[in-house]
Amino acid sequence: MAIATSSPASTLSSAVVEQFIASIRGDVIRPEDAGYDEARQVYNAMIDKRPALIARCTSAGDVIAAVNFARDNGLLVAVRGGGHNGPGLGICDDGLVIDLSTLKGVRVDPLAQTARVGGGCTWGEVDHATHAFGLATPSGIISTTGVGGLTLGGGIGHLTRKCGLAIDNLIEADVVLADGRFVTASADEHPDLFWALRGGGGNFGVVTSFVFRLHPIDTVYAGPMFWPIERASEVMRWYREFITQAPDDINGFFAFHTVPAGAPFPEHLHGQKICAIVWCYTGALDGAEEVFAPIRAQFGPPVLDWVGPIPHPALQGMFDGLYPPGQQWYWKADFVNELSDEAIARHVEFGATMPTPQATMHLYPISGAAGRIASDATAWNYRDAKWGQVMVGVSPDPADNAEMIAWTRAYWEAMHPYSAGGAYVNMMMDAADEGQDRVRASYGANYDRLAAIKATYDPSNLFRVNQNIVPKGI
Ligand SMILES: Cc1cc2nc3c(=O)[nH]c(=O)nc-3n(C[C@H](O)[C@H](O)[C@H](O)COP(=O)(O)OP(=O)(O)OC[C@H]3O[C@@H](n4cnc5c(N)ncnc54)[C@H](O)[C@@H]3O)c2cc1C
């Protein structure tokens, strides 16, 4: 089987396009249509791609028609879930976008404690639906992120230490394959595909619905604590010991931020660079103050302490306002095993020189429940790493791009020697920026198995607008 090459979709005859439009129930948006510019926007405003056709799929039937149309006409195909991908892997130039943003719906089964979730849902939609039953499943930290991309890449968030990654709670997925077949992948059906979907990204097909395990998580004790940047070294040294040994009920990611210059932040902190830990405690609320008392006393009171009881969906949406869609976005990541004193010293240098008010660095813990799963149990390889680290250049103003990209790259280059090698695929740029070797490094020992499964399910690499796993034998 040869690797698929693509013909520009813009050269298709209008009769062929009209036939496709008639075959699906959702809208198909073309460059000449009103709404095209809005439909091609993704979260990262740095991405400016111009697809020939955007097919808003309303059902698995529409997705099957779109996959068949793309394959039969040799089109480049991108699959869009929530559109949050940093390098914009939910869209492409002069191809077909299979846009799942109208493939919604969340059905919670409160007795079985599961939820079936449409392939185009965002996490805010899922959290809202499950919270009504006092239940939740692990996701990320921003509610507008898509379930599709976040889950297929792994899914690190506030509940990682308690309940594992998003993929560790995936029970089954309905998938449209490159040949147009519709299959269900689970531990019992197509187990090889199910293994690959749990971390292998959008490489294996279009997931039209996911079934997740839910947990009795309702109101948590959570939020950010800020300390002055001058104390960052001290805070990081304490944090590296504390979080790796903490009970699973305590999650906390470390961050550098600049305090936003507006309400509700206290005026005396506006514009100040700080270090933070964003906590999420899932233990009994009546014992939470006691658990956090020694943390609060550790360095004297934090300069800002917004940790308290909060409904889980409110925590999930807490940072949405700081990171709305439409900003410029450039990030680089690595997995980290050790935070040595030397590494901390370098972190602190870069934390103190964040180039824009929105720039940040996060260290997400991968210990607790996520770390107890074997590295070859799912495609997600770095179970031994202690943290997923990401440095993020963000700004509403494209004029800042050169400076923030330079800062992000320099920061990443300074820290890369202290890393475990690969990176979390959901927090990387694309192969043009990172090099294809980074994808291989990120899957490590699981890469060859993934490449073999890719050769079974997508031998011509139809699904290649992603962190691409090249089918074995090509
Ligand atoms: C502000 C922000 C916050 C974030 N926070 C977190 C976080 O806390 N934790 C975390 O783990 N990640 C986080 N991420 C990273 C996020 O997981 C990735 O950007 C992910 O790719 C987004 O998924 P999406 O569906 O929104 O993106 P899209 O751009 O729509 O898609 C991304 C990739 O997934 C594929 N894809 C999407 N849906 C499907 C589907 N249903 N079937 C098949 N393929 C599909 C696409 O083809 C594409 O390759 C964050 C990103 C941003 C921008």
Side-chain angles (χ1 to χ4, degrees), residues 41-47 49 57 60 63 67 77-92 97-101 103-104 117-124 138-160 165-167 173-178 185 197 199-210 251 253 255 278 280 315-331 333 358 360 362 364 366 370 380 388 390 392 394 423-430 458 462-469:
Q41 273 170 25
V42 289
Y43 178 86
N44 182 359
M46 223 182 257
I47 309 297
K49 299 236 162 118
C57 296
V63 175
V67 167
V77 58
V79 179
R80 178 190 177 127
H84 257 235
N85 189 263
L89 295 173
I91 195 145
C92 61
V97 175
I98 298 180
D99 181 345
L100 305 177
S101 60
L103 201 61
K104 300 282 197 189
V117 174
C121 282
T122 62
W123 281 109
S139 55
I141 62 155
I142 300 265
S143 78
T144 53
T145 312
V147 171
L150 181 137
T151 301
L152 296 171
I156 306 174
H158 293 298
L159 301 180
T160 302
L165 304 174
I167 47 169
D174 285 345
V175 192
V176 177
L177 302 174
L197 288 175
N203 274 285
F204 300 92
V206 184
V207 177
T208 55
S209 78
F210 298 87
N251 202 90
F253 72 85
V278 181
C280 176
L315 173 68
Q316 293 291 101
M318 185 180 255
F319 304 110
D320 291 5
L322 293 180
Y323 293 106
Q327 304 201 88
Q328 310 289 309
W329 193 275
Y330 181 89
W331 59 7
Q358 299 79 10
T360 183
H362 288 178
Y364 297 107
I366 306 167
W380 209 87
V390 62
V392 197
V394 191
Y424 176 36
V425 289
N426 270 350
M427 294 183 178
M428 283 165 53
M429 296 310 285
D430 61 10
D458 183 15
L462 179 70
F463 301 115
R464 62 185 178 281
V465 181
N466 44 42
Q467 299 295 354
N468 196 231
I469 293 157

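Only a predicted model underlies this, so the values are computations on that prediction, with no experimental measurement involved. Ligands are counted one by one from 1 in listed order, and the atoms in each one are counted from 1 as well.
Protein heavy atom in closest approach to atom 42 (N) of ligand 1: V207 N, 2.9 Å. Atom 11 (O) of ligand 1 has its closest protein heavy atom at Y424 OH, 2.5 Å. Of the protein's non-hydrogen atoms, V465 O, 3.2 Å is the one closest to atom 49 (O) of ligand 1. Protein heavy atom closest to atom 17 (O) of ligand 1, with residue, atom name and distance, is N426 ND2, 3.2 Å. Among protein heavy atoms, atom 32 (C) of ligand 1 sits closest to N85 CB, 3.6 Å. Closest to atom 16 (C) of ligand 1, if we only count protein heavy atoms, is T145 CG2, 3.9 Å.
Within ligand 1, counting atoms from 1 as listed, the ones closer than 4.0 Å to a heavy atom of I141 are 7 (C), 8 (O). Close approach of ligand 1 to L100 (heavy-atom distance below 4.0 Å) involves ligand atoms 40 (C), 41 (N). Applying the 4.0 Å criterion to heavy atoms of N466 picks out, from ligand 1, the atoms 49 (O). Heavy-atom contacts of L89 reach the following atoms of ligand 1: 46 (C), 47 (O), 48 (C), 49 (O) (cutoff under 4.0 Å). Of all the atoms in ligand 1, the ones that sit under 4.0 Å from a non-hydrogen atom of G90 are 29 (O). Of all atoms in ligand 1, listed by their number and element, those nearer than 4.0 Å to a heavy atom of R80 are 30 (O). Every atom of ligand 1 is numbered from 1 in the order shown, and the set under 4.0 Å from a heavy atom of G119 is 41 (N). Heavy-atom contacts of G202 reach the following atoms of ligand 1: 44 (N) (cutoff under 4.0 Å).
The closest approach between any non-hydrogen atom of G83 and ligand 1 is below 4.0 Å. For the pair F463 and ligand 1, no heavy-atom separation below 4.0 Å is found. In this structure, G201 falls outside the shell of residues with a heavy atom less than 4.0 angstrom from ligand 1. Judged by the shortest distance from any of its heavy atoms, I156 lies inside the 4.0 Å radius around the atoms of ligand 1.
Not one N or O of S139 is nearer than 3.5 Å to an N or O of ligand 1, by distance alone. Checked by distance only, ligand 1 and G140 stay at 3.5 Å or farther apart across all their nitrogen or oxygen atoms. The shortest N or O to N or O distance between I142 and ligand 1 is not below 3.5 Å. For ligand 1, none of its N or O atoms has an N or O atom of M427 under 3.5 Å away. In terms of polar-atom proximity, defined here as any N/O pair under 3.5 Å, V147 makes no such contact with ligand 1. For H84, a nitrogen or oxygen atom sits less than 3.5 Å from a nitrogen or oxygen atom of ligand 1, counting backbone and side chain alike. Polar contact with ligand 1: present for G149 (N/O pair, distance under 3.5 Å). Residue-to-ligand polar distances keep L152 apart from ligand 1: every N/O pair is separated by 3.5 Å or more. An N or O contact shorter than 3.5 Å is missing between V206 and ligand 1 by distance. Considering backbone and side-chain atoms alike, F210 places every N or O at 3.5 Å or more from each N or O of ligand 1.
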Quick one, S209 with D174, criterion side chain to side chain donor-acceptor pair (under 3.5 Å). Give me CA distance, side-chain angles, the key distance, then yes/no.
CA-CA 5 Å; S209 78; D174 285 345; 3.2 Å; yes

Take F210 and L197 through the side-chain contact (heavy atoms from CB on, under 4.5 Å) test and state the conclusion after the steps.
CA-CA 11 Å; F210 298 87; L197 288 175; over 6 Å; no

Determine, step by step, whether Y424 and I366 satisfy the side-chain contact (heavy atoms from CB on, under 4.5 Å) criterion, reporting the C-alpha distance in whole Å, the side-chain angles of both residues, the deciding distance to 0.1 Å, and the verdict.
CA-CA 11 Å; Y424 176 36; I366 306 167; over 6 Å; no

Would N251 and L159 count as a side-chain contact (heavy atoms from CB on, under 4.5 Å) if you check the C-alpha gap in whole Å, the side-chain angles of each, and the deciding distance to 0.1 Å?
CA-CA 7 Å; N251 202 90; L159 301 180; over 6 Å; no

Go through it in stages, so that I can follow the logic: the residues are T145 and S139, the test is side-chain contact (heavy atoms from CB on, under 4.5 Å), and I'd like the CA-CA distance, side-chain angles, deciding distance and then a yes or no.
CA-CA 9 Å; T145 312; S139 55; over 6 Å; no

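A donor-acceptor pair under 3.5 Å is formed between the side chain of N44 and the backbone N or O of W329. In this structure, the side chain of Y330 does not engage the main chain of M429 through any donor-acceptor pair within 3.5 Å. Listed for the T160 side chain is no donor-acceptor partner under 3.5 Å among the backbone atoms of I156. Distance alone, capped at 3.5 Å, is enough to place a donor-acceptor pair between the N203 side chain and the I469 backbone.
Among L89, V42, V465, N85, the one residue that satisfies the side-chain contact (heavy atoms from CB on, under 4.5 Å) test with R80 is V42.
Looking at Y323, W329, W331 and measuring to atom 51 (C) of ligand 1, the nearest heavy atom belongs to W331. Taking each of V79, L103, L150, I47 in turn, the one with a heavy atom nearest to atom 46 (C) of ligand 1 proves to be V79. In the candidate list G205, C57, G82, G82 is nearest to atom 25 (O) of ligand 1, counting heavy atoms.
When all heavy atoms are compared, the tightest approach of L100 to V207 is CD1-O, 4.0 Å.
Rounding to the nearest 0.5 Å gives a distance of 6.0 Å between OH of Y43 and CD of Q327. For the atom pair CG (D430) and CD1 (I47), the distance works out to 7.5 Å, reported to the nearest 0.5 Å.
In this model, no donor atom of one side chain and acceptor atom of the other lie less than 3.5 Å apart for D320 and T144.
Counting heavy atoms from C-beta outward, M318 and V278 have side chains that stay 4.5 Å or more apart. The side-chain heavy atoms of F463 and V67, taken from C-beta on, include a pair separated by under 4.5 Å. Residues K49 and V97 form no side-chain contact, since every pair of their non-hydrogen atoms from C-beta on lies 4.5 Å or further apart.
Within the 4.0 Å heavy-atom criterion, the part of Y43 lying near ligand 1 is the side chain and not the backbone.
Using cut-offs of 30° and 60° for the angle between ring planes, the Y364 and F253 rings count as tilted.
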